[in-house]
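Below is one structure, written out as structure tokens, with a few remarks after it.
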Amino acid sequence: MQIDNNLIEALKDSESIVFFTGAGISSESGIATFRGKDGIWNKLRPEELANFNAFMRNPEMVWEWYNHRKKIIHKAQPNAAHRTIAEMQNHFKDVTVITQNIDNLHRRAGSNKIYELHGNIERNFCINCKKFYNEELDFSDGVPKCECGGLIRPDVVWFGEFLPEDQFLGGERAAMKSDVFFVVGTSAVVYPAAGLVYVAKQSGATVVEINIEETPLSSIAQYSYFGKAGEILPTILEEYKSIINT
Ligand code: APR
């Protein structure tokens, strides 16, 4: 795949790089996306699994599903796309990840500046007193309860819930400051997360889309590369390195 020279030039003049990622970046690690061909939401109903009322109606079923996802995530490894983003930290002053993913793979790949817009499956908290429980939970007596008696839930953002303010505002600041804003593996249909791309665009960032197919963002991105993130991101970094080392 040919990488546009102007993009490499834009990277050469950049200090602040942002990667806005979605489920597509983890698909090459064996984690299903939500809306793609084999997407989770084609088989399961988000209103029965990913919202607070569903949890209160049937916490066992919701936990069964999150424990199933946790098993898949624990078996998964960060792929070349996650690793390339982490390696970018060696080449640019300020590299930020803004992710919609709850799978912790960016952190496991070595990225250290991460805003998690939709939470993280490795964390849990009490719905009553908000106490956090990040150790492995015990399900031997059914759905785990807090010492206050409240149900413990995964620290993920469900449909109809607000995003964690500190994470969203942090992402927004990074978007405003970004020189190059990569949009990787997201269908960009879920808001307010997808709105950050427009914040970056309006702040003058060069927007680069990487996806296996076109999305609503393809029209606003200066550069769109259609293919697998695990192949395209390493190519962009290699191309950049070859240019700056000549
Ligand atoms: N490389 C690049 N893009 C890919 C790859 C890949 N290997 N595989 C799939 N994609 C693209 C798909 O074409 C699709 O556009 O990734 C995107 C995944 O989109 P979704 O499944 O809609 O996931 P995402 O955009 O992250 O969903 C946003 O919706 O369900 C909620 O909370 C959930 O965070 C999630 C949010």
Side-chain angles (χ1 to χ4, degrees), residues 1 3 19-52 54-55 62 65-66 68-70 72-73 76-85 97-106 109 114-123 153-164 167-168 171 181-198 207-221 223-237:
M1 172 164 290
I3 305 300
F19 293 90
F20 175 71
T21 68
I25 199 171
S26 295
S27 66
E28 293 161 68
S29 295
I31 300 175
T33 63
F34 295 94
R35 293 172 192 82
K37 181 167 59 55
D38 307 320
I40 290 173
W41 298 146
N42 301 342
K43 303 179 192 107
L44 301 167
R45 296 154 50 87
E47 56 277 11
E48 280 174 15
L49 289 167
N51 75 59
F52 187 74
F55 179 72
V62 171
W65 186 56
Y66 277 95
H68 165 69
R69 292 183 66 192
K70 215 184 245 185
I72 294 168
I73 286 170
Q77 294 299 328
N79 61 56
H82 299 107
R83 295 195 301 271
T84 300
I85 292 174
V97 172
I98 306 172
T99 190
Q100 299 166 88
N101 301 343
I102 63 173
D103 60 29
N104 214 33
L105 289 182
H106 283 296
I114 305 169
Y115 294 108
E116 297 170 319
L117 299 181
H118 296 160
N120 186 312
I121 202 166
E122 302 299 341
R123 294 190 304 259
R153 60 165 283 177
D155 182 22
V156 297
V157 177
W158 287 328
F159 288 100
E161 294 188 323
F162 289 107
L163 276 54
Q167 300 298 303
F168 185 77
F181 192 93
F182 288 91
V183 182
V184 187
T186 182
S187 57
V189 294
V190 174
Y191 284 75
L196 292 177
V197 183
Y198 297 90
V207 174
V208 183
E209 180 184 42
I210 297 171
N211 198 301
I212 54 174
E213 63 189 15
E214 285 212 13
T215 74
L217 291 175
S218 304
S219 56
I220 71 154
Y223 306 98
S224 286
Y225 296 101
F226 298 113
K228 292 184 171 180
E231 293 164 8
I232 294 170
L233 278 171
T235 307
I236 291 175
L237 181 56

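In this chain, numbering begins with 1 at the start of the sequence shown. Nothing here was measured: the structure is a model prediction, and the numbers come from that model. Start at 1 and go down the list; that is how both ligands and their atoms are numbered.
The contact set between ligand 1 and G227, taken as ligand atoms under 4.0 Å from a residue heavy atom, comprises 1 (N), 2 (C). Contact atoms of ligand 1 toward E213: 13 (O) (distance under 4.0 Å to a heavy atom of the residue). Numbered from 1 in the order shown, with element, the atoms of ligand 1 that lie under 4.0 Å from a heavy atom of A23 read 23 (O), 24 (P), 26 (O). Within ligand 1, counting atoms from 1 as listed, the ones closer than 4.0 Å to a heavy atom of G22 are 26 (O). Listed by number with element, the atoms of ligand 1 under 4.0 angstrom from any heavy atom of E28 are 1 (N), 6 (C), 7 (N).
The heavy-atom pair separating Y66 from A50 by the smallest distance is OH-CB, 4.2 Å. Across all their heavy atoms, A188 and P216 have their closest contact at O-CG, 4.3 Å. Nearest approach of E116 to N104, heavy atoms of both residues: OE2-OD1, 4.0 Å. For T235 against I3, the heavy-atom pair with the smallest separation is CG2-CG1, 3.9 Å. For S29 against N79, the heavy-atom pair with the smallest separation is OG-ND2, 2.9 Å. Nearest heavy atoms, S218 versus E209: OG-OE1, 2.8 Å.
From the protein, the heavy atom lying nearest to atom 14 (C) of ligand 1 is N211 ND2, 3.9 Å. Among all non-hydrogen protein atoms, the one lying nearest atom 25 (O) of ligand 1 is T186 OG1, 2.6 Å. Here the heavy atom of the protein found nearest to atom 6 (C) of ligand 1 is G24 O, 3.4 Å. Scanning the protein heavy atoms around atom 18 (C) of ligand 1, the nearest turns out to be G185 O, 3.7 Å. If you check which protein heavy atom lies closest to atom 32 (O) of ligand 1, you get H118 ND1, 3.5 Å. The protein heavy atom nearest to atom 35 (C) of ligand 1 is F34 CE1, 3.7 Å. Regarding atom 28 (C) of ligand 1, its nearest protein heavy-atom neighbour is Q100 OE1, 3.3 Å. For atom 8 (N) of ligand 1, the nearest non-hydrogen atom of the protein is S27 OG, 3.1 Å.
At least one N or O atom of A229, backbone or side chain, sits closer than 3.5 Å to an N or O atom of ligand 1. Looking at V190 next to ligand 1, no N or O pair under 3.5 Å apart turns up. Looking at F159 next to ligand 1, no N or O pair under 3.5 Å apart turns up. For the pair N101 and ligand 1, the shortest N or O to N or O distance does not fall below 3.5 Å.
Counting heavy atoms from C-beta outward, I25 and I85 have side chains that approach closer than 4.5 Å. Contact of the Q167 side chain with the V157 side chain is not registered, since no non-hydrogen atoms from C-beta on lie closer than 4.5 Å.
Going from atom OG1 of T84 over to atom NE2 of H82 covers 10.5 Å, rounded to the nearest 0.5 Å. Atoms CG and CD1, from L196 and I98 in turn, are 5.5 Å apart once rounded to the nearest 0.5 Å. Atom-to-atom distance recorded for F182:CZ and T21:OG1 is 13.0 Å, nearest 0.5 angstrom.
The closest approach between A50 and ligand 1 stays at or above 4.0 Å for every heavy atom of the residue.
Using a 30° and 60° split on the angle between ring planes, Y225 and Y223 fall in the parallel class, below 30°.
Considering K228, E231, E209, R35 only, the shortest heavy-atom separation from atom 27 (O) of ligand 1 involves R35.
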